[in-house]
Amino acid sequence: MLNKIAVDTHTHTVLSGHAWSTLTENANAAASLGMHGICLTEHGPRIPGGAVDYAPAAQMMLPTLISGVTIFRGVEANIVDFAGNIDIEMRFINRTEFALASIHDIVLKPGTPEENTAALVGVLSHPYIDMVGHIDDAKTPNLYEEVILAAKDLGKLIEINNNSLLVRRGSEPNIRQIARLCKKHQARVCVSSDAHFWTMIGNVSPSLMLIDDIGFPDELVVNRSADSFHAYLAERADRLRRTGSIRKKR
Ligand SMILES: [Zn+2]
Ligand SMILES: [Zn+2]
């Protein structure tokens, strides 16, 4: 059984408007757990008080390492319609190293399961979106198997969001079902904290116990080790090169 993650792929700072720690506090927390890195995934601008749209590009100013922890530049984009469009323009999101997209009911009033599914499947086709976030949310019912198969086909990832167990009522059975389907289809996941305070960084034991409960294979957890996460990033770079989406060097 996995008892920790090496890279926390979903974390917020005060820049997200409703989180309470700084990047340095988050990095120090990760360092104290011996973690390799954290992805800085602030909310997109459509969340009230969220980071400005150009924040993913502004992250270029940050050091790569803080307290020995690698800071991966990212974003948690908001899905804004049922076609799966997001609130970050290509010229900003193309600076990210790891990006996820989620439905937040404060931005997109959830639709039918079919509409929510179309939004999640649609966003997975965005060249820079790596993962769909907290699809377990009972407020945004969707057809898990369709979303999982789309992610697998595109070489992308499903999130197992530990924060859902804490704040998204009714998520636990959904996460269990999502993990079972990922296991059945050999679809890859990241287990992440969705930390809004530094004590939450890397703190995903409840999720790891839950997926262990259903015999989830370790090798499907992309952020289990620094090597497996970097292997995914290399795959991402290849994919972007193949599709011609990679940002031209100036
Ligand atoms: Zn979210
Ligand atoms: Zn989040």
Side-chain angles (χ1 to χ4, degrees), residues 5 7-23 25-27 29-30 37-53 55-56 59 71-81 84-88 93 96-111 116 119-120 122-124 126 128-142 144 147 151 156-172 174-175 178 189-204 206-207 223:
I5 50 171
V7 177
D8 196 335
T9 44
H10 185 167
T11 70
H12 299 278
T13 76
V14 285
L15 203 63
S16 278
H18 61 274
W20 293 270
S21 296
T22 64
L23 179 58
E25 288 166 338
N26 285 352
I38 57 177
C39 300
L40 179 56
T41 55
E42 307 290 16
H43 283 291
R46 292 273 187 109
I47 286 266
V52 291
D53 60 350
Q59 289 176 15
I71 309 299
F72 296 97
R73 298 187 300 272
V75 72
E76 180 180 15
N78 290 298
I79 299 176
V80 298
D81 58 29
N85 288 303
I86 56 171
D87 60 348
I88 307 282
I93 201 169
T96 59
E97 295 169 286
F98 188 85
L100 72 149
S102 314
I103 300 179
H104 298 107
D105 63 342
I106 201 167
V107 174
L108 177 65
K109 189 171 170 286
N116 299 332
L120 292 163
V123 85
L124 282 165
H126 189 297
Y128 284 88
I129 294 297
D130 298 288
M131 178 165 86
V132 280
H134 49 74
I135 68 168
D136 55 81
D137 191 344
K139 287 192 279 188
T140 58
N142 59 91
Y144 300 142
V147 178
K156 300 199 173 177
L157 313 170
I158 298 292
E159 182 185 48
I160 302 291
N161 182 302
N162 195 70
N163 202 24
S164 287
L165 294 172
L166 308 174
V167 301
R168 293 186 189 94
R169 204 177 292 233
S171 277
E172 185 178 336
N174 299 346
I175 296 173
I178 289 161
V189 305
C190 286
V191 180
S192 54
S193 72
D194 196 1
H196 286 66
F197 191 64
W198 66 265
T199 54
M200 296 167 76
I201 297 283
N203 191 349
V204 296
S207 294
N223 60 335

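Counting starts at 1 for both ligands and their atoms, following the listed order. We're numbering straight along the sequence, starting at 1. All heavy atoms count here, side chains included; hydrogens, waters and symmetry mates do not.
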Engineer: How wide is the angle at the Zn ion (ligand 1) between NE2 of H104 and NE2 of H134, to the nearest 10°?
Structural biologist: 100°
Engineer: For the Zn ion (ligand 2), find the closest N/O/S atom on D194 and give its atom name.
Structural biologist: OD1
Engineer: Search all heavy atoms of N163 against all heavy atoms of N161 and return the closest pair with its distance.
Structural biologist: N-OD1, 2.9 Å
Engineer: Taking all atoms of both residues into account, what is the closest heavy-atom pair of P141 and A138, and its distance?
Structural biologist: CD-O, 3.6 Å
Engineer: Does one side chain, of H12 or H18, offer a donor that lies under 3.5 Å from an acceptor on the other?
Structural biologist: no
Engineer: Identify, by name, the N, O or S atom of H10 lying closest to the Zn ion (ligand 2).
Structural biologist: NE2
Engineer: Closest to the Zn ion (ligand 2), which N/O/S atom of E76 is it?
Structural biologist: OE1
Engineer: Do you see a donor-acceptor pair shorter than 3.5 Å between the side chains of D8 and S193?
Structural biologist: yes
Engineer: Would you say D136 and S164 are linked by a side-chain donor-acceptor pair, where the criterion is simply a distance under 3.5 Å?
Structural biologist: yes
Engineer: When you measure from the Zn ion (ligand 2) to the N, O or S atoms of H12, does any of those distances fall below 2.8 Å?
Structural biologist: yes
